[in-house]
Each structure stands twice: as structure tokens, then as C-alpha cells.
J.: 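Quick one: structure below, then a few questions.
Per chain, numbering begins at 1; letters A, B, ... match sequence-line order.
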Number of protein chains: 2
Amino acid sequence: MITLAEENYLKAILSISLNSDGKVSTNAIAGEIGTSAASVSDMLKKLQDKKLVKYKKYKGVSLTKKGNSFATSVIRKHRLWETFLVNNLNFDWGEVHDVAEQLEHIKSEELVDRLDAFLDYPKFDPHGEPIPTKDGEISTTNTIPLNKLSEGTNGKVMGVTLDEKPFLDYLTKLNISIGTEIKLLEKISFDQSISIKTGNTKQHISNDVAKHLLIKTN
Amino acid sequence: MITLAEENYLKAILSISLNSDGKVSTNAIAGEIGTSAASVSDMLKKLQDKKLVKYKKYKGVSLTKKGNSFATSVIRKHRLWETFLVNNLNFDWGEVHDVAEQLEHIKSEELVDRLDAFLDYPKFDPHGEPIPTKDGEISTTNTIPLNKLSEGTNGKVMGVTLDEKPFLDYLTKLNISIGTEIKLLEKISFDQSISIKTGNTKQHISNDVAKHLLIKTN
DNA sequence: CTAAATTTTTAGATATGTCTAAATCTTTTT
DNA sequence: AAAAAGATTTAGACATATCTAAAAATTTAG
Ligand SMILES: [Mn+2]
Ligand SMILES: [Mn+2]
Ligand SMILES: [Mn+2]
Ligand SMILES: [Mn+2]
């Protein structure tokens, strides 16, 4: 049996390796989970014993096929639950992440399958993040983070890569949500902050915000 | 914070005290949870420290107001989830208990409220068991266990007091579900087994089965 | 290529929840 | 009212998951 803590470590390792390449470091995992590097070291040994990761001391870690499959399944459950919460229980997109962190650990294949069917096999969650299929496929989209676009480019917000409430509340305040058309007006080289136009209003946002907005250019 | 294990103990204490009176014994809890009496002793001390139970060594335990409120809330969540699983995800009534045992521990008041509204404030779960209201009211029904009825009585099945799969599968095989009209034909004094008539068919069931069927007489 | 800085691991504690075996308390028999 | 039986608690272990502090390895700088 795989425990809740183990699931969270596997998910963290997958998340990190999707946004970087090569082996995942102990410190990166500690940062992602909000725990000490010592705890991570301990856990990596256990995951190694269970053949869920490939781990060489001091050399970082990567998921085995089995580990990747578990991690993907947890992300699938997380995103399906988020979709349910927003679509059916009328939660706001900023309110669902914490509850989904709990629901993702409910163990029942049948439940996930039926929830998926009930939701009519959604491809993306309320944050525009792709929902892995039952057999572990994660669809990739040809989107670019807003901060990587060049000045003058037009595009549409397809998703966000952070689903914490303060961030999403700020986006709501900026009148930005999935589907919003955005034009990148100007990039300030001093701090990489960005001027954008949405509808008829100009706004200015930090690089930290821009990098979490996935844009599909027109 | 109340832990998952603590919630299960409180729920067990409430369940037992609903079907008996006076203090709840250590052994009864151990039996209900499927754990050792030693573990129960340990836990009762912790629950006492948290003011969730009133406990005197060797003298049994009872829930405080606070403990009762938590326990009721867990049962409410359990039954709401079971209702969701049957009504919306097309689970059979025998398949939902184990998953609900997990879902009942998800912590989010908002979630429970919204689920309740989504289900349109159901009063009973798929097994005919009453769903406590948000403020902890558990409706009582004027039903009698089938084994307590006298010969010749007619009635309707309003609920079951056991929701394990083997039992519910057997009921399905007997063509008995909630709403089924039953006539008690004969009680055998030797083993308290019972002859019944449902529709046009006569069947014979044990006392063990009959006692878990709640009947409303016509 | 050494020395300093950083990262990672190990050592030793702590908290939770469980177990078995032994001790103690309570209830039932005789 | 003692002895036996039964219920309950305590004692001592163990597994999981976490932490801080110290040691060791690796990486980066000078
Ligand atoms: Mn999320
Ligand atoms: Mn999401
Ligand atoms: Mn149930
Ligand atoms: Mn039920």
C-alpha cells in the first residue's frame, strides 16, 4: 500500500520534473512539499525500497515507471475533483485547490472512473491544466508563458500554472480568467515587468504573475 | 485539530450508544473499530484530554457535547457522500460504504454544505439511514426491526441498519430493497427465523437478516 | 586546486497510532 | 467471601513521518 505522504512526494517529484530536466534534487522536493531536506532524504530511501523512484545518494532522484504512474494518477484525481467542485458545486476556481489536496488521496479506481464519466471526460481542469487520462496520457498544449512573449503579440489565456487562492484572486481582480484576450504591450527590462491590454484597459503586472499565465498566440 | 483516527473513535462511540444505553465499554469500541482494547484505552485518554469524551477508568465512556457534535458531523458526511455516490455516480447501494469511510474525513465545511445543496438536502441515505442536519439533528422514524413484528403484520421496508456488501447483495438476491412491501407470515421459535411474503413469493430468512430490516407497518 | 559555500545525508528526538503480554480491576460463580 | 473469569489498563515495542543539529559530500569561487 502506498501512503498519503508517499503520494505527495511522488506528485512533487513529477511536478518538478515537468518544469525542469534531469534528476530532481532533494532541496527542490523539500521546497515543493514544505518540509526539511532531512525528511526528504528519509522518504527517498523508502520510495527507493518500494521501487517507486530511482535514487542515488547526493545525485538526485527520478520516478520509475511505477512511480510515474502513481504520481500521474494522483494528479488526475486532483484535477477531476477540482473540476467537479467548480462545475457542480459552484466553487470559485480559487477555492478548490486545498480541498482537492485531500480528495486526491481517496482510494477507489471505480470512484475516479465514475467521476470522470459524470463530468463527461473533461480534458482540462478549472485552471486550464490538462487532466491525465485513465492510462496516464497528459495532453500537451502549444502555449507559452506570458513573460516569454515578445512585445506586440496578441493571445488568449489558456491556463495558469499556479492555483493558490491569493494568485487567482489577484487575477480575478485584474479581470483575467481563462479565455481572456491579452495583448503584450511592453516589457520593462529593469524588472521584467509587463504592460498588457485586456479589452480596453491597460494594466501592468510583475514577471512573477506573467510567468504563470499560459498564452496561445493568435 | 481532530485526526482521522479520533474521528473514527468518536463515530464508533456514537454508533454504539445509539443502539444501547449508559456508558460505552472499551471492548465494545474495540469490536466496532476492529482494534485491540489496549489501543482503545490509549485513545480514550487522548479524547478525554481534548474534552471530546467523559471517561472514568474501568467505568466506560460517553461523548461530551463537543464530541457528539464531531461524531454527528462525520456521520452526516458519510451519508451525504453515500447519497452522492448512488444518486449521481450510479453506484449500487452495496458498493458505497467503504468509499464513504474515506470521504467522511475530508475537512471542509463549505464542501459539505455545497454537497448537501447539490443533493437537494436529502433526509435519508441510500440505506434509509437518516442524514443529520447541519446543526446535528437526527430525525427518528417510527420503524420496527422486522424480527420484532408479530405474525400476520404487513409493512414496508424503510431502511437497513447494516450497509456491508455481503448483506446488501443478499437482500438484492431476495428482491428486497427500500420500499419493498413485506408480510410477516411465521416466526419459528426454534431459531427465531422468519417466513415472509414479498409480492407473490414466500421466502425464509434468518433472525440475523430480519433484525437489520426496518419496517413501517401499514 | 584548494577553500568556502551549498547541498545532502545521518544521528538522535518527538508525536501518533498501533500491537502483544503482563498487571490490575471488576463481575460472576461457587 | 473467596476464587475464577472477564474486562480494562499499563508496559514495552514497533512503524510512520516529522524535526533540528551535526557530519559528510558536492559544487562553486578564488
Ligand atoms: Mn490544484
Ligand atoms: Mn488545478
Ligand atoms: Mn455506510
Ligand atoms: Mn449508509
J.: Is it the case that over 12 heavy atoms from other parts of the model lie below 6.0 angstrom from the CG atom of A:D49?
T.: yes
J.: For B:K134, is there an ion pair with B:E109 - N to carboxylate O distance below 4.0 angstrom?
T.: yes
J.: Using the side chain to side chain contact (heavy atoms under 4.5 Å, CB included) rule, pick out the option among A:V160, A:D163, A:I75, A:L214 that qualifies with A:E129.
T.: A:D163
J.: Would you jot down, in residue-number order, the residues of residues 18-41 of chain A having a non-hydrogen atom under 4.0 Å from DNA chain D?
T.: A:T35, A:S36, A:A38, A:S39
J.: Using a 3.5 Å distance criterion without hydrogens, assess whether the side chain of A:Q192 forms a donor-acceptor pair with backbone atoms of A:N147.
T.: no
J.: According to salt bridge (charged side-chain N to carboxylate O under 4.0 Å, His left out), who are the partners of B:E6, at least two apart in sequence or on a separate chain?
T.: B:K50
J.: More than 12 heavy atoms of other residues, nucleotides or ligands under 6.0 Å from NZ of B:K56: yes or no?
T.: no
J.: With sequence neighbours excluded, tell me which residues meet side chain to side chain contact (heavy atoms under 4.5 Å, CB included) with A:S20.
T.: A:I16
J.: So does A:Y55 get a backbone contact from the side chain of A:Q48, meaning a donor-acceptor N/O pair under 3.5 Å?
T.: yes
J.: Side chains of B:N27 and B:S25: is there a donor and an acceptor less than 3.5 Å apart?
T.: no
J.: For DNA chain C, note the earliest and the latest nucleotide, 5' to 3', having some atom under 4.0 Å of a heavy atom belonging to chain A.
T.: C:dT7 to C:dT10
J.: Which ones in residues 100-108 of chain B lie close to DNA chain D, meaning a heavy atom under 4.0 Å from one of its atoms?
T.: none
J.: So for atom NZ, which belongs to B:K107, do other residues, nucleotides or ligands contribute more than 12 heavy atoms lying within a distance under 6.0 Å?
T.: yes
J.: Nearest whole angstrom, please: distance from the P of D:dT8 to the CG of B:L44.
T.: 10 Å
J.: Kindly give the atom pairs (protein nitrogen or oxygen, nucleotide nitrogen or oxygen) under 3.5 Å for nucleotides 12-16 of chain D.
T.:
none

J.: Using only side-chain N and O atoms of B:K45, determine if any of them is under 4.0 Å from OP1 or OP2 of D:dT10.
T.: yes
J.: Between A:T72 and A:N68, does any side-chain donor sit less than 3.5 Å from a side-chain acceptor?
T.: yes
J.: Within this structure, what is the OH-to-C1' distance between B:Y58 and D:dT9, rounded to whole angstrom?
T.: 4 Å
J.: Do A:H78 and A:D125 have side-chain atoms, one donor and one acceptor, less than 3.5 Å apart?
T.: no
J.: Is any NZ, NE, NH1 or NH2 atom of the basic residue among A:D116 and A:R76 found under 4.0 Å from an Asp or Glu carboxylate oxygen of the other?
T.: yes
J.: Rounded off to whole Å, could you give me the NZ-to-C1' distance for the B:K56 and D:dT8 pair?
T.: 16 Å
